[in-house]
Amino acid sequence: QVQLVEPGGGSVQAGGSPTLRCASSGFPSADFCMMWFRQAPGSGRAGVASIDRLPGTIYADSVRGRFIISRDDAKNILSLYMHNLIPEDTAMYFCAAARVTTLGFCPGWQPQDFNYWGQGTQVTVSL
């Protein structure tokens, strides 16, 4: 049974540096692209950061330089190190997984490109 579980999240003051983690099971995570999405109230689900098999990373412009995505395939853990949070980072954060392409890249950056999803964890940034 495929599972993605994201403990953590919570309320953080602006400027804070929490870490989100996603524990996966039921599939060979090393063969998968892993990604973080977020969804703010009234908005669609948007890509935050992805990490492929190489591992190569891609970041949304809004978080580049502040967030770092990493993966530990031996432990099946995906992490998102968040720094210098601002209120605009307030959202429900989701981890997602999709099988990589034959070249080892992520298949895309849209929610429909991903097969497996965590339940989400709320991050609220206050001034």
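The ring-ring contact (aromatic ring centres under 6.0 Å, His included) contacts involving residues 33-60 comprise Phe37-Phe114, Phe37-Trp117, where partners must be two or more places apart or lie in separate chains. Counting only residues at least two apart or on different chains, the side chain to side chain donor-acceptor pair (under 3.5 Å) pairs with a member in residues 101-112 are Ser50-Trp109. Counting only residues at least two apart or on different chains, no salt bridge (Lys or Arg N to Asp or Glu O under 4.0 Å) pair has a member in residues 102-127. Listed by first then second residue, pairs satisfying salt bridge (Lys or Arg N to Asp or Glu O under 4.0 Å) with a partner in residues 45-56 read Asp31-Arg53, not counting sequence neighbours. For residues 92-105, the set of pairs meeting the salt bridge (Lys or Arg N to Asp or Glu O under 4.0 Å) definition, not counting sequence neighbours, is empty.
With a 4.5 Å cut-off on side-chain heavy atoms, Cys33 and Pro107 count as touching. For the pair Leu20/Thr121, a side-chain contact is recorded, criterion being any heavy-atom separation below 4.5 Å from C-beta on. When side chains are defined from C-beta on, Val48 does not count as touching Met35, because their heavy atoms never get closer than 4.5 Å. At least one side-chain heavy atom of Arg21 sits less than 4.5 Å from a side-chain heavy atom of Thr19.
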One pair to check against side-chain contact (heavy atoms from CB on, under 4.5 Å): Leu80 and Ile68. What are the steps and the verdict? CA-CA 6 Å; Leu80 185 67; Ile68 298 173; over 6 Å; no
Checking side-chain contact (heavy atoms from CB on, under 4.5 Å) for the pair Asp89/Val123: CA distance, chi angles, key distance, verdict? CA-CA 8 Å; Asp89 294 319; Val123 174; 5.8 Å; no
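Within the model, atoms CE of Met34 and OG of Ser79 stand 10.0 Å from one another, a figure rounded to the nearest 0.5 Å. Leu85 CG to His83 NE2: the interatomic distance, rounded to the nearest 0.5 Å, is 9.0 Å.
For the side-chain contact (heavy atoms from CB on, under 4.5 Å) test, residues two or more places apart in sequence or in another chain that qualify with Ala23 are Ile77. With sequence neighbours excluded, the residues that form a side-chain contact (heavy atoms from CB on, under 4.5 Å) with Ser62 are Arg38, Ala60. For Phe27, the ring-ring contact (aromatic ring centres under 6.0 Å, His included) partners are Phe32, Tyr116, not counting sequence neighbours. With sequence neighbours excluded, the residues that form a side-chain contact (heavy atoms from CB on, under 4.5 Å) with Glu88 are Ile86. Residues passing the side-chain contact (heavy atoms from CB on, under 4.5 Å) test with Asp73 are Ser29, Ala30, Arg71, sequence neighbours excluded.
The two residues Asn84 and Arg66 come nearest to each other via the heavy atoms O-NH1, 2.9 Å.
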Can you give the donor-acceptor pairs under 3.5 Å from side chains of residues 5-13 to other protein atoms, not counting sequence neighbours?
unit_1: Glu6; atom_1: OE1; unit_2: Gln119; atom_2: N; d: 3.1
unit_1: Glu6; atom_1: OE1; unit_2: Gly120; atom_2: N; d: 2.6
unit_1: Glu6; atom_1: OE2; unit_2: Cys95; atom_2: N; d: 2.6

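Cluster partners of Leu103 are Leu54, Phe105, counting Ile, Leu, Val, Met, Phe, Trp and Tyr whose side-chain heavy atoms approach within less than 4.5 Å, directly or via other members.
For the pair Ser24 (side chain) and Leu4 (backbone), a donor-acceptor distance under 3.5 Å is absent.
The hydrophobic clustering, which links ILVMFWY residues whose side-chain heavy atoms are closer than 4.5 Å, places Ile51 and Ile58 apart.
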